[in-house]
Structures are given as structure tokens and as C-alpha cells.
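Proteins get letters first, then strands, A, B, ... in listed order; numbering begins at 1 in each.
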Amino acid sequence: MIRALIIGVAMVALAGCAMQPVQPWEKGMLAKKAMSFETDKLEAKFAEHTYSSKEGASGGAGVGGGGCGCN
Amino acid sequence: MAATRILLAALALPGLVQAENAPDKSTLSVKYLDYQDSQPNLDRIHVRSPAIDIAVPVAGVWLLRASVVSDLISGASPRYHTAVSGASRFEETRKGVDAAVTRYFPRASVTLAAGRSGEHDYVSRFVSAQASFASDDNNTTWLVGAGVANDRINPVNDAVENEHKRVVDLMAGVTRVLTPADIVQALLTHVRGEGYYSNPYKYIDQRPRHQRQHSLMLRWNHHFGGSGATSRSSYRYYTDSNGVDSHTLLGEYVRPFADGWTVTPSLRLYSQSAARFYFDPVYDTRFGPPFPPGYSFTDGRDRSADQRLSAYGAATVGLKVEKEIGADTTVDVKLEQYKQRGEWRAFGSGSKGLQAFSARSIQVGITTRW
């Protein structure tokens with residue numbers, strides 16, 4: 001419960017960071033492909049599948065995707 | 001000229017640069033993965049995976065996406081811990097297909113997705129929904145999502161018959177533009193599953209029929225104006241009801257060069273604690289391997305000798321090279337090497353008595369837009 005509270009507070013703080021708002025004409029660098037959090041869908045799928053098949057942890061970057069035998 | 005094009009693209013996006021507009025071009029990606037993992041004296045799993053992903057914008061406000069992957073899996077998997085003599089050899093194929101439709105609104109987007117993954121002994125189906133909402137100044141985007149997966153399990157050794165697993169996952173997050181060169185994201189996910197989690201092909205493997213997973217993912221991308229490079233960093237904290245706590249750090253440095261070349265070295269560090277029902281490779285003096293000391297055939301306790309549930313640390317080094325061919329086509333190659341060791345665990349001692357585990361993968365791909 002305390003952990004969830006800390007995380008919630010952190011997320012709210014992140015959303016409300018009191019920094020100077022970035023203006024539309026300042027977003028040229030942010031528009032570059034490498035700045036996206038999803039640059040290569042297939043590469044991300046390969047990574048999620050191979051890591052979840054050999055590690056105890058999985059997910060964290062989204063929802064859906066289903067499972068596999070991976071024995 | 002290229003800088004002007006990027007600036008115009010940014011100004012044209014009313015939302016957070018990355019979210020609330022359908023792409024203006026269709027994309028087709030084809031990739032091939034060759035993966036091999038191993039331990040000393042045993043090549044374990046070899047996977048060859050061709051995959052296709054296509055995304056087509058429609059009428060400026062819709063995006064249709066579909067992908068297909070086929071895993072050709074062969075090799076051997078230890079039946080307990082890393083015992084070579086207990087490895088079972090097999091060969092099988094997994095086919096996965098999924099599709100998604102996204103509707104874009106002026107400051108929001110909604111995505112519905114569904115998919116199926118099928119092996120001869122394991123079938124999984126899922127549906128999911130995600131939505132994003134941007135703030136008035138377009139510097140903050142809130143993300144929410146939910147998914148349901150239903151798995152059906154029919155192992156060929158008849159250890160169980162027609163078993164099932166139902167998993168519900170929920171996500172909430174926020175993406176925030178901090179500066180003209182920095183964007184960050186926090187994602188919180190909660191997964192709740194009921195059903196058959198045991199591994200029917202391993203000896204002494206009985207796991208709880210319910211599992212809860214929680215993760216917090218933090219991501220930060222920074223652009224270096226001078227070199228044109230981008231650093232991409234992330235941290236994931238994961239904990240589950242089996243007792244596994246893990247930390248994952250990932251760093252990538254995307255460095256463009258002249259003539260359309262881009263080189264991306266990467267480093268991933270991972271550490272996890274053992275599941276509370278994992279037992280080390282120390283065996284009962286009466287029954288011998290794979291039975292743990294004091295084993296009882298009738299107590300019904302959860303136990304597992306699966307290496308993946310032990311305590312260890314791991315590191316992956318990677319290198320990706322991309323080359324633009326013309327304005328709308330890119331080819332790429334990515335190499336990765338992975339090593340897992342008990343003594344590499346951070347924040348505690350690792351499990352003892354297991355063989356070192358390694359993996360290497362090669363990906364080649366081509367992406368074209370039109």
C-alpha cells in the first residue's frame with residue numbers, strides 16, 4: 001500500500017513537473033524517430049518474448065500480448 | 001532541409017509529439033530473428049523467427065496494424081535445474097498473429113487489439129484496449145490500458161489435460177515533455193492471473209494457481225543537439241506474488257552518421273530474487289535428484305527446480321546498425337549477447353549450484369514506408 005502510494009505520488013509529480021512548458025516550435029528534436037518510446041514494434045516483441053522465456057519477470061511496457069508455452 | 005522538415009512535422013502535431021496523430025505513411029516491416037541459448041556442454045533452445053508487421057493509416061484518423069510471427073523452436077530444455085542428462089529434446093512451431101485498430105482524436109487516441117498465439121500444446125488468445133489523453137499544452141499525455149488473455153494448455157506428456165490460465169492486466173501511465181530535448185515516461189502495470197502456471201515438462205514443478213505481478217517502468221529519452229545522437233534509458237522494477245523481485249536497467253545510445261547510417265550500442269542489466277518455492281540443486285539423500293531434501297510425495301507443496309525462478313543477475317550487450325536506402329526504406333542488423341550468473345545478482349546473494357547460462361541473437365530487418 002505504501003509502495004503504491006509512493007509510486008502514485010511520483011507519477012503525479014512527474015506529470016506536474018514545474019518546468020518551463022515546452023512550446024510547439026521547440027519540439028523539433030522531440031519529433032525525431034529515436035525520441036519515440038516505440039521505435040521498432042517487431043524488435044520490441046522479440047525482446048519481450050525472449051526475455052520472458054528465460055527470466056522470472058515480464059511485461060511492464062504495456063498491456064495485452066498473450067502468453068506462450070516457453071518451457 | 002531535413003531539420004526544417006522535422007520542425008514542420010513537430011509543429012503539425014497538435015498532441016504530444018509522439019501520440020495523437022495517425023502517421024501519414026503506411027509501414028511494412030519484415031524481420032528475422034535467429035536465437036540460441038546455451039549452458040556449458042549443452043546447446044539449449046534454438047529459435048528462428050520470421051515476422052511481418054504492417055501499419056496502414058486510413059482517412060487521417062485511423063491506423064490499422066497487423067503482425068504475424070512464426071517461431072521455429074528446436075533444442076533441449078533441462079527437466080530440472082541445469083541437468084544435462086535430464087534435458088528433453090523437442091522441435092515445435094509457434095505461430096502468433098495480432099491486429100489492432102487505433103482511432104485518433106485531436107488530443108486523444110484509442111486502440112483496440114486482439115491476437116492469438118498457438119503451439120501444439122499451448123494456445124493463447126488476448127484482447128486489449130488502450131487510450132491516451134493529452135493535456136492542453138500537449139506536453140503531458142496520460143495513458144490507460146487493460147487486457148485479458150485466455151490460455152489453453154494440453155501438454156503432449158498428458159501431465160494435465162485441457163488446463164487453462166486467465167490473465168488480466170491493467171496499466172496506467174504518464175508521458176511528459178520536460179525540455180526541448182528530454183521526454184520521460186512512467187508506466188504502472190498490474191497483472192492478475194488465475195489457472196495453471198506450472199511447467200508440465202519439468203520434474204517437481206508445482207506453482208501457485210494464482211499470481212499477481214506489479215511493475216513500474218520509468219523511461220527517459222534525451223537528444224544531444226550537437227551530435228544528433230539520442231540516449232534512451234529505462235528502469236523497470238518488478239515484483240510478484242511468487243516472491244520474485246527484479247530490477248532491469250537498459251541504456252541505448254542512438255548515434256546517426258553520414259549517408260544514412262545509424263549505430264546503436266546497448267547495455268541491459270538485470271537482477272532478480274528467487275521465487276519462494278524455488279529450491280537449490282541439493283537433493284534428498286533417500287530419493288536423489290531431482291527431489292529436494294525432505295521431499296514428500298503427498299504434502300502438495302509448491303516447488304520448482306526451474307532455473308528461471310532462481311536468484312541471479314544478467315547482462316546483455318547489443319549493437320544495432322541501420323542504413324537508410326532512399327528516403328523511405330531502412331535495413332537493420334542487431335546482434336546481442338546475454339549472460340546469466342548466480343553471483344551477478346544485485347542486492348543479495350544469488351542461487352548456487354547452477355550452470356552459467358548464455359544466449360546470443362541476430363536480427364535482420366527491412367522497413368519501408370509509402
**Student:** For the OH atom of A:Tyr51 and the OG1 atom of B:Thr248, what is their distance to the nearest 0.5 Å?
**Tutor:**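 Taking OH in A:Tyr51 and OG1 in B:Thr248, the distance rounds to 9.5 Å.
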
**Student:** Given side chains that start at C-beta, do those of B:Tyr338 and A:Thr50 come closer than 4.5 Å, heavy atoms only?
**Tutor:**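 Answer no - side chains too far apart.
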
**Student:** Please list, chain by chain and in numerical order, all residues satisfying side chain to side chain donor-acceptor pair (under 3.5 Å) with B:Ser266, sequence neighbours excluded.
**Tutor:**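 In terms of side chain to side chain donor-acceptor pair (under 3.5 Å), with neighbours along the sequence ignored, B:Ser266 is linked to no residue.
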
**Student:** Could you measure the distance from the CG atom of B:Asp53 to the CG atom of A:Leu42? Nearest 0.5 Å is fine.
**Tutor:**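 One finds 4.5 Å between CG of B:Asp53 and CG of A:Leu42.
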
**Student:** Residues in side chain to side chain donor-acceptor pair (under 3.5 Å) with B:Ser49, at least two apart?
**Tutor:**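 If we apply the side chain to side chain donor-acceptor pair (under 3.5 Å) test to B:Ser49, skipping adjacent residues, the hits are B:Asp71.
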
**Student:** Taking side chain as everything from C-beta outward and backbone as N, CA, C, O, which of these in B:Glu336 sits under 4.5 Å from a heavy atom of chain A? Side chain, backbone, both or neither.
**Tutor:**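 B:Glu336 touches chain A through side-chain heavy atoms alone.
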
**Student:** Taking side chain as C-beta onward, heavy atoms only, is A:His49 less than 4.5 Å from B:Arg94?
**Tutor:**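 They are in contact (side-chain heavy atoms under 4.5 Å apart), so the answer is yes.
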
**Student:** Quick check for you: among B:Thr264, B:Val123, B:Thr179, which has the greatest number of heavy-atom pairs under 4.5 Å with chain A?
**Tutor:**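 Of B:Thr264, B:Val123, B:Thr179, B:Thr179 has the most heavy-atom pairs under 4.5 Å with chain A.
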
**Student:** Can you tell me how far the CD atom of B:Gln272 sits from the CD atom of A:Glu55, to the nearest 0.5 Å?
**Tutor:**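 These two atoms lie 7.0 Å from each other.
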
**Student:** Before accepting this row, confirm whether a basic side-chain N of the pair A:Glu38/B:Arg65 lies closer than 4.0 Å to the acidic partner's carboxylate O.
**Tutor:**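 Salt bridge: no.
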
**Student:** In terms of heavy-atom pairs under 4.5 Å, which option from B:Asn150, B:Thr189, B:Thr262, B:Asp169 contacts chain A the most?
**Tutor:**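 That would be B:Asp169.
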
**Student:** Let me confirm one number: the OG1-CG distance from B:Thr367 to A:Asp40, rounded to the nearest 0.5 Å.
**Tutor:**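 So the gap between those two atoms works out to 6.0 Å.
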
**Student:** For A:Lys45, is there an ion pair with B:Asp98 - N to carboxylate O distance below 4.0 angstrom?
**Tutor:**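 Salt bridge flag = yes for A:Lys45 with B:Asp98.
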
**Student:** Hey, does B:Asn138 have a side-chain heavy atom less than 4.5 Å from the side chain of A:Lys27?
**Tutor:**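 Side chain of A:Lys27 against side chain of B:Asn138, heavy atoms only: contact under 4.5 Å found.
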
**Student:** Nearest 0.5 Å, what's the CG-CE distance between B:Asp182 and A:Met35?
**Tutor:**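 Rounded to the nearest 0.5 Å, the CG-CE separation comes to 6.5 Å.
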
**Student:** Using heavy-atom distances under 4.5 Å, tell me whether B:Arg125 contacts chain A through its side chain, its backbone, both, or neither.
**Tutor:**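 Neither the backbone nor the side chain of B:Arg125 comes within 4.5 Å of chain A.
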
**Student:** Check whether B:Lys320 gets within reach of chain A through its side chain, its backbone, both or neither, counting any heavy atom under 4.5 Å.
**Tutor:**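 Only the side chain of B:Lys320 comes within 4.5 Å of chain A.
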
**Student:** Looking at B:Met217, B:Gln340, B:Glu252, B:Arg219, which has the largest count of heavy-atom pairs under 4.5 Å with chain A?
**Tutor:**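 Option with the greatest count: B:Arg219.
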
**Student:** Please identify, among B:Ala274, B:Ala181, B:Ser246, the residue contributing the most non-hydrogen atom pairs under 4.5 Å to chain A.
**Tutor:**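 When all of B:Ala274, B:Ala181, B:Ser246 are compared, B:Ala181 has the most.
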
**Student:** Examine whether an atom of A:Lys54 lies under 4.5 Å from a heavy atom of chain B, and if so say whether it belongs to the side chain, the backbone or both; otherwise answer neither.
**Tutor:**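 Backbone plus side chain of A:Lys54, per the 4.5 Å heavy-atom cut-off to chain B.
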
**Student:** Under a 4.5 Å heavy-atom cutoff, which of A:Gly59, A:Ala57, A:Pro21, A:Ser53 has the most pairs with chain B?
**Tutor:**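 Between A:Gly59, A:Ala57, A:Pro21, A:Ser53, the count favours A:Ala57.
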
**Student:** If you define the side chain from C-beta out and look only at heavy atoms, does anything of A:Thr39 sit under 4.5 Å from B:Arg232?
**Tutor:**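 A:Thr39 vs B:Arg232: side chains touch.
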
